[in-house]
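We number each residue from 1, following the sequence as shown. Atoms within a ligand are numbered from 1 in the order they appear, just like the ligands themselves.
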Amino acid sequence: MVHAPVSTFDYVIAGGGSAGAVLASRLSEDDRVRVALIEAGGEAKAPLVQIPIGFARLVGHKNFDWRYEQEPDASIGGRRFLWSAGKLLGGSSSINGQVYIRGTKADFDHWARAGAKGWSFDEVLPYFLRSESWSGAPHPARGAHGPLSVAPLREVHPTCGVFLAACAAIGLPTLEDCNGLDMEGAFLTQVSQRDGWRCSTEKAYLRPARSRRNLHVITRAQVERIVFAGSRAVGVVYARGGELHQVKAAREVIISAGTIGSPAILMRSGIGRGAELQALGIAVVKDAPEVGKNLQEHCAVSQNRYVNRPTVNSQLGPLHMVGHAVKFLVARKGLLSSPTVHGMALARTRAGLDEPDVQLHFIPMAYDIEPESTSSASVRMPKEPTVTICSSLTHPKSRGRVMLGSDRRPRIVHQLLGDGGDVDTLVGAMKLIEHLFDSAAFAELAPRRRVPSRELPSDAHWEEFVREKAMIGYHPVGSCRMGCDGSAVVDPELRVNGVEGLRVVDASIMPRVTSTNTNATTIMIGEKAAELIRRPGR
Ligand SMILES: Cc1cc2nc3c(=O)[nH]c(=O)nc-3n(C[C@H](O)[C@H](O)[C@H](O)COP(=O)(O)OP(=O)(O)OC[C@H]3O[C@@H](n4cnc5c(N)ncnc54)[C@H](O)[C@@H]3O)c2cc1C
């Protein structure tokens, strides 16, 4: 039984993650409107969430991670992953690796050409600027007064200089500021952190807004479906404490439940492929076959080598850990303040490309993902000093789908390497990484092979390696594609096509995944959506 609606708000937002928290904060700046934010997870106060290194424990944590299930992926030998996504205020920005990097100019100009009118680079840059407070060297393309604190690394691992030098030797210039417009080259990671603590959207946007009387945040409340009056969204039903409740939306319902969660809510509400919904006993509100389709993920493959300098792997003993804790408490530096990735590069695996086709990630440690069973994975860390260079595809061609299972929970169907071109690019990337490890710059670290353990003699061997080691990049997007065409799930103002009073605002609307990590872009989406929604006359 659903309890009768107790309250009416102007805007009801489902999901308080990277985009949802931005939206709740920006919309409630106007004290004439009432905003409800309904979040399935809890508060984001745990120390694990605040301390940067906490992500190592948060990923896969039953209390903080949705661990969405994937069907076996035939393109990688039937392996499958639990797709992580934050289940707490701040969403994935509360559990992520804190790398702060925008998409490239070409990424957004491509969106605009593909039908996302109003989303070219020049049109989205103001929203990136609005969101951030960059504490590094000032630059005209950086924001200084936004809610989200972005900072240079507080301490760069010494081996990272070798990575940058090796990149320079193969023609990848070292960029002073990877978010300073030109992004092709190698650079140090920037992080969403404030004074050495994680800066999620919960901390940056939501926390300061919580005292507003017109913002009502309901946690541990899972949105089951949207309520329609005809074809107009007028509220949502959510489950909390074992009971179903209802809230009404006088103006709009906004779904911000992430790339896996948002299409699932739409489908449970009758917006999706009609025949499939009917088979699940769901009344069709709008036959929208693209809902859940166009799923993209930054497929990634790593190589690592033993080195002759201490790295994170060799500094995890009990005494070292005491040292790390003291360093963090005193100076907010060291391992506990560190993201995984210290250096990056945007590179091309071959000549003749319009844009970089791979992103490289330099990690001053190695870890092995051990399949525990068909549906789960665990991480094992060697004790010897080791460094990793990982490569992800900037623009994977493989596409997947979010579907509903018979229990009406989301199921992910994806072939990470379903496209032969993606495999070829990753094989090229593996050779590029070999080249970097074997360069004169790396010689000072005396790198010895670990993964792979021997020289691979042919492309066919590299392909086997790529398929065996490929993993998710934690950047799913695209399942509620934005576009001008009728089959797009949302229009360029993020309104769901075919119904009224309903938008989707989160990473799921990206028509094509950005070349790089997706959090900064999702926050930009939240900022731009807030302005679209607040525009006079609406
Ligand atoms: C482990 C991990 C590491 C990452 N590392 C980085 C990184 O270093 N840098 C980077 O740029 N990007 C990174 N990302 C990606 C980035 O964090 C995401 O792209 C971004 O946070 C997506 O934002 P979103 O608003 O679309 O979804 P989310 O932030 O996931 O928010 C969705 C919210 O909706 C809630 N929700 C879902 N379903 C329901 C429901 N039915 N009812 C109510 N609430 C619901 C969720 O609990 C969550 O709070 C990482 C992601 C993960 C998971």
Quick one: does [X]'s side chain have a donor or acceptor within less than 3.5 Å of a partner on [Y]'s backbone?
| X | Y | answer |
| --- | --- | --- |
| E132 | R130 | no |
| D422 | S398 | yes |
| E252 | L502 | no |
| S337 | G334 | yes |
| N517 | I101 | no |
| R503 | E493 | yes |
| S93 | T201 | yes |
| T514 | T516 | yes |

Ignoring hydrogens, just give me the one of [options] whose non-hydrogen atom is nearest [atom].
| atom | options | result |
| --- | --- | --- |
| atom 27 (O) of ligand 1 | G258, A507, S94 | G258 |
| atom 33 (C) of ligand 1 | G20, G261, S256 | S256 |
| atom 23 (O) of ligand 1 | S508, G15, S18 | S18 |
| atom 3 (C) of ligand 1 | N96, I13, V504 | N96 |
| atom 39 (C) of ligand 1 | W66, Y100, Y68 | W66 |
| atom 16 (C) of ligand 1 | N519, T219, I101 | N519 |
| atom 9 (N) of ligand 1 | I523, V99, I255, T201 | V99 |

### Query
Run the side-chain hydrogen bond (donor to acceptor under 3.5 Å, both in side chains) check on S515 and D107 step by step: do they pass?
CA-CA 7 Å; S515 305; D107 288 339; 2.8 Å; yes
Got an N/O contact under 3.5 Å between [X] and ligand 1?
| X | value |
| --- | --- |
| G86 | yes |
| T518 | yes |
| A85 | no |
| Q98 | yes |
| D506 | no |
| I265 | no |

Nearest protein heavy-atom contact for [atom]: which residue, which atom, what distance?
| atom | result |
| --- | --- |
| atom 43 (C) of ligand 1 | A40 N, 3.3 Å |
| atom 53 (C) of ligand 1 | S84 O, 3.3 Å |
| atom 31 (O) of ligand 1 | G17 CA, 3.2 Å |
| atom 5 (N) of ligand 1 | G97 N, 3.0 Å |
| atom 35 (C) of ligand 1 | E39 OE1, 3.3 Å |
| atom 2 (C) of ligand 1 | Y474 CB, 3.7 Å |
| atom 25 (O) of ligand 1 | A19 N, 3.0 Å |
| atom 24 (P) of ligand 1 | T522 CG2, 3.7 Å |

Which atoms of ligand 1 sit under 4.0 Å from any heavy atom of [X]?
| X | result |
| --- | --- |
| V59 | 1 (C) |
| Q222 | 41 (N), 42 (N) |
| S92 | 17 (O), 21 (O), 28 (P), 29 (O), 30 (O) |
| S93 | 21 (O) |
| I38 | 43 (C), 44 (N) |
| G91 | 29 (O), 31 (O), 48 (C), 49 (O) |

Side-chain heavy-atom pair [X], [Y] within 4.5 angstrom cut-off:
| X | Y | answer |
| --- | --- | --- |
| V513 | L393 | no |
| F228 | S269 | yes |
| H342 | L188 | no |
| Y100 | L148 | yes |
| F81 | Y68 | no |

### Query
Would you call A221 a ligand 1 contact, heavy-atom distance under 4.0 Å?
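Per 4.0 Å heavy-atom rule, A221 contacts ligand 1.
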Could you tell me whether [X] approaches ligand 1 through its side chain, its backbone, both or neither, with non-hydrogen atoms closer than 4.0 Å?
| X | value |
| --- | --- |
| E224 | neither |
| V223 | both |
| L88 | backbone |

### Query
Of the options L89, L88, I95, which is the one that meets V49 in a side-chain contact (heavy atoms from CB on, under 4.5 Å)?
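Single pass found, and it is L88.
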### Query
Given E71, which of R80, R401, R411 fulfils the side-chain hydrogen bond (donor to acceptor under 3.5 Å, both in side chains) condition?
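Filter result, single survivor: R411.
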### Task
Just jot down the side-chain contact (heavy atoms from CB on, under 4.5 Å) partners of E224, sequence neighbours excluded, or say none.
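side-chain contact (heavy atoms from CB on, under 4.5 Å) list for E224, sorted by chain: Q222, A239, L244, R268, R409.
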### Task
Please identify each residue that fulfils side-chain hydrogen bond (donor to acceptor under 3.5 Å, both in side chains) with S508, with sequence neighbours left out.
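Once residues adjacent in sequence are excluded, the partners of S508 under the side-chain hydrogen bond (donor to acceptor under 3.5 Å, both in side chains) criterion are D506.
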